[in-house]
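Read through the structure below, which is laid out as structure tokens, and then see the notes.
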Amino acid sequence: LVQPADRPIIIGWDSVAGTATEAELQGDARSQHVAVAAKVIRKNLRRLVQLIDDEAIALVVVNQRYEKIPMGGMPMRGGTSETYGGGGIKYHTSIRLEVDMVRKLWANESAKNAGLPPIGQVNRVKVRKNKINDPHHQEEYALIYGRGAENAWTIYQDLKRRGIISVGGAWSKFTDPTILGGRSFRGWQELANLMAEDPELFATLQAIYFEGR
């Protein structure tokens with residue numbers, strides 16, 4: 001921070017829930033550390049935010065949720081789950097995204113019925129807080145194990161929902177015959193291969209996708 005960086009810097013903290021405080025490291029398994037992490041985070045985030053405020057630095061914080069234990073039969077306020085580290089992070093962040101798994105994803109229905117393992121999962125991202133744009137948006141995407149997020153799945157599902165892709169049995173096709181010349185294809189996986197082989201097709205479908213957002 002002594003000399004301004006000549007390019008954007010991203011610092012990742014993965015994760016809050018897995019980071020122990022000094023007091024926790026020095027104690028033993030029976031020691032009680034009520035809200036000690038929340039106090040440390042709240043105090044130091046105030047200092048950290050001031051340091052990175054004028055620099056081209058993005059701080060990306062990964063956190064997990066835990067299930068709250070009801071006390072005395074009283075209804076829980078604010079939902080059944082909470083994030084580690086108290087409210088300091090929620091207060092200081094500019095954008096908060098909440099990610100949940102919606103369902104498992106198989107290569108096809110036959111693979112699922114045959115008891116084969118899933119190839120990935122569908123995740124839902126909700127924008128819980130946004131100080132630089134509109135909040136409360138949400139989106140679903142496919143996470144393919146060993147590969148990462150799959151653009152073709154997201155584009156395919158969106159265009160199918162909007163009627164730009166029609167589906168009949170195992171086959172799909174674009175309702176606009178100028179795309180792929182009216183050629184049929186087998187679901188999002190074949191579309192992924194076609195998009196990888198043809199950058200112009202990928203750019204076209206990506207533009208159509210973003211027009212509808």
Side-chain angles (χ1 to χ4, degrees), residues 5-15 56-63 93-213:
D6 60 352
R7 68 197 68 185
I9 295 175
I10 299 177
I11 301 173
W13 179 5
D14 185 7
S15 65
I57 297 176
L59 176 62
V60 180
V61 179
V62 179
N63 205 350
T93 50
S94 298
I95 300 174
R96 282 187 67 222
L97 304 177
E98 186 177 284
V99 184
D100 291 290
M101 186 187 77
V102 178
R103 61 184 180 276
K104 298 289 186 180
L105 185 66
W106 278 263
N108 49 54
E109 197 66 24
S110 299
K112 180 179 179 180
N113 294 336
L116 296 177
I119 62 171
Q121 63 191 49
V122 178
N123 292 339
R124 180 181 294 120
V125 182
K126 295 181 180 179
V127 182
R128 290 299 189 188
K129 177 183 178 183
N130 194 342
K131 294 172 68 176
I132 61 176
N133 210 322
D134 296 334
H136 311 308
H137 292 288
Q138 70 176 39
E139 187 64 88
E140 290 186 1
Y141 70 96
L143 181 68
I144 307 302
Y145 299 145
R147 197 166 77 200
E150 177 54 72
N151 289 326
W153 184 93
T154 305
I155 291 174
Y156 177 84
Q157 296 297 330
D158 180 73
L159 300 192
K160 183 175 69 171
R161 178 182 58 81
R162 290 160 57 190
I164 299 172
I165 291 178
S166 62
V167 180
W171 294 93
S172 303
K173 65 184 300 184
F174 290 97
T175 53
D176 182 350
T178 63
I179 305 176
L180 284 181
R183 169 185 168 186
S184 297
F185 55 93
R186 286 183 175 271
W188 68 268
Q189 288 181 294
E190 186 174 352
L191 181 62
N193 295 332
L194 294 171
M195 290 167 58
E197 296 168 0
D198 187 350
E200 186 175 340
L201 174 64
F202 174 70
T204 299
L205 297 182
Q206 189 178 46
I208 296 173
Y209 169 79
F210 281 115
E211 283 175 3
R213 309 319 296 158

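Here the structure is a predicted model, which is why all the values come from computation and not from measurement.
Looking at W106 and N113, their side chains never come closer than 4.5 Å, going by heavy atoms from C-beta outward. Within the 4.5 Å cutoff, no side-chain heavy atoms of L143 are placed close to those of L105. Looking at heavy atoms from C-beta onward, L205 lies in side-chain contact with L191 at the 4.5 angstrom threshold. The side-chain heavy atoms of R183 and L194, taken from C-beta on, include a pair separated by under 4.5 Å. Using a 4.5 Å cut-off on side-chain heavy atoms (C-beta onward), I179 and L201 make contact.
Evaluation of the side-chain contact (heavy atoms from CB on, under 4.5 Å) rule for S184 yields W171, K173 as partners, not counting sequence neighbours. Residues that satisfy the side-chain hydrogen bond (donor to acceptor under 3.5 Å, both in side chains) test with W13, not counting sequence neighbours, are T19. In this view, R186 satisfies the salt bridge (charged side-chain N to carboxylate O under 4.0 Å, His left out) rule with no residue, not counting sequence neighbours.
Classification of the Y156-F185 ring pair by plane angle, with boundaries at 30° and 60°, yields perpendicular.
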Under the side chain to side chain contact (heavy atoms under 4.5 Å, CB included) criterion, do V127 and L97 qualify, and how do the steps go? CA-CA 5 Å; V127 182; L97 304 177; 3.7 Å; yes
Please test W153 against V122 for side chain to side chain contact (heavy atoms under 4.5 Å, CB included), starting from the C-alpha separation and ending with a verdict. CA-CA 10 Å; W153 184 93; V122 178; 3.6 Å; yes
Under the criterion side chain to side chain contact (heavy atoms under 4.5 Å, CB included), I'd like the reasoning laid out for I119 against E150: C-alpha separation, chi angles, the key distance, then a yes or no. CA-CA 12 Å; I119 62 171; E150 177 54 72; over 6 Å; no
Take Y209 and N151, measure what side chain to side chain contact (heavy atoms under 4.5 Å, CB included) needs, and give me the verdict at the end. CA-CA 11 Å; Y209 169 79; N151 289 326; over 6 Å; no
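Not one N or O on the side chain of W188 forms a donor-acceptor pair closer than 3.5 Å with the backbone of Q157. With S172 contributing its side chain and I165 its backbone, the two residues share no donor-acceptor pair below 3.5 Å. Formation of a donor-acceptor pair under 3.5 Å by the K160 side chain with backbone atoms of V167 is not found in this model.
For N123 against M101, the heavy-atom pair with the smallest separation is OD1-CA, 3.5 Å. For the pair E140 and V102, the tightest heavy-atom approach, listed with the atom from each and the gap, is OE2-CG2, 4.1 Å.
To the nearest 0.5 Å, the span separating CG on L59 from CD1 on I10 amounts to 10.5 Å. Note: D158 CG to I164 CD1 = 7.0 Å, rounded to the nearest 0.5 Å. With rounding to the nearest 0.5 Å, the separation of CZ in R128 from OG1 in T93 is 13.0 Å. From Q206, atom CD reaches atom CE of M195 across 7.5 Å, with rounding to the nearest 0.5 Å. Here the straight-line distance linking atom CG of L159 with atom CG of D176 works out to 11.0 Å at 0.5 Å rounding.
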